[in-house]
Amino acid sequence: MKANAAHDFAGGPDGANPLAGLIDVNGVLYGTTMAGGGGNTCFIYSGTCGTVYTVTAGGVETVLYRFVGGTHGFDPGAPLTNVNGTLYGTTYLGGVDDRCCHIYGHGTVFSLSP
């Protein structure tokens with residue numbers, strides 16, 4: 001059996017490193033990338049913050065949100081959840097900047113209304 005890639009991430013504004021699975025909301029696939037997106041102060045290794053995106057079965061990707069870090073969070077790595085048309089997710093880092101224990105914050109819960 002051969003798997004075909006529906007979309008190849010290019011990094012930068014397009015996003016990079018999708019870790020979580022996709023969810024289907026009324027025939028549209030939604031997901032997150034842990035890196036890419038264009039923020040420049042987030043992930044220590046890549047300098048980027050992550051994205052929320054849609055992708056069609058034909059491979060057409062649309063970035064819905066680019067994380068900017070800080071209290072907005074960054075590095076989303078868990079699957080999204082759909083609650084009545086609003087997408088919810090978590091970020092691994094960002095949020096409150098607690099310099100005593102974790103200079104990047106401890107993560108956030110975010111919502112997005114596509």
Side-chain angles (χ1 to χ4, degrees):
M1 181 186 293
K2 179 183 175 189
N4 295 317
H7 178 73
D8 292 324
F9 290 93
D14 183 48
N17 306 108
L19 178 65
L22 298 169
I23 64 167
D24 180 334
V25 179
N26 300 323
V28 178
L29 298 174
Y30 291 84
T32 61
T33 64
M34 292 179 58
N40 61 6
T41 60
C42 295
F43 196 55
I44 190 169
Y45 302 113
S46 68
T48 57
C49 305
T51 66
V52 177
Y53 67 91
T54 63
V55 64
T56 67
V60 177
E61 181 214 24
T62 302
V63 174
L64 301 176
Y65 183 74
R66 291 179 175 93
F67 288 91
V68 296
T71 57
H72 295 269
F74 64 98
D75 197 11
L80 297 168
T81 299
N82 175 23
V83 178
N84 299 322
T86 299
L87 301 176
Y88 291 89
T90 59
T91 64
Y92 180 68
L93 298 170
V96 176
D97 186 1
D98 183 356
R99 298 246 179 224
C100 83
C101 303
H102 200 293
I103 63 171
Y104 294 110
H106 298 283
T108 65
V109 174
F110 65 89
S111 66
L112 180 70
S113 297

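These numbers were taken from a predicted model, which means no experiment stands behind them.
Between Gly11 and Ala16 the shortest heavy-atom distance is CA-CB, 3.9 Å. Considering all non-hydrogen atoms of both residues, Ala57 and Ala6 come closest at O-CB, 4.0 Å. Across Gly77 and Ala20, no two heavy atoms sit closer than the pair O-CB, 3.5 Å.
In this structure, Thr62 OG1 and Leu64 CG are separated by 7.0 Å, a value rounded to the nearest 0.5 Å. Separating the CZ atom in Phe74 from the SG atom in Cys49 is a distance of 6.5 Å, to the nearest 0.5 Å. With values rounded to the nearest 0.5 angstrom, Asp14 atom CG is found 7.5 Å from Thr51 atom OG1. Summarising the geometry, atom OG belonging to Ser113 is positioned 11.0 Å from atom CG belonging to Asn84; distances are rounded to the nearest 0.5 Å.
For Thr108, the side chain to side chain donor-acceptor pair (under 3.5 Å) test picks out Thr91, with sequence neighbours left out.
Other residues sharing the hydrophobic cluster of Leu22, ordered by chain and number and joined by side-chain separations under 4.5 Å: Phe9, Leu29, Tyr53, Val55.
By the criterion of side-chain heavy atoms lying less than 4.5 angstrom apart, applied directly or through intervening Ile, Leu, Val, Met, Phe, Trp or Tyr residues, Leu112 is grouped together with Leu80 in one hydrophobic cluster.
In this structure, Val25 and Leu87 have side chains that are in contact, with non-hydrogen atoms separated by less than 4.5 Å. Looking at heavy atoms from C-beta onward, Thr32 lies out of side-chain contact with Tyr65 at the 4.5 angstrom threshold. Between Thr81 and Ile23 there is no side-chain heavy-atom pair separated by less than 4.5 Å.
Applying the ring-ring contact (aromatic ring centres under 6.0 Å, His included) test to residues at least two apart or on different chains, none of the pairs has a partner in residues 14-38.
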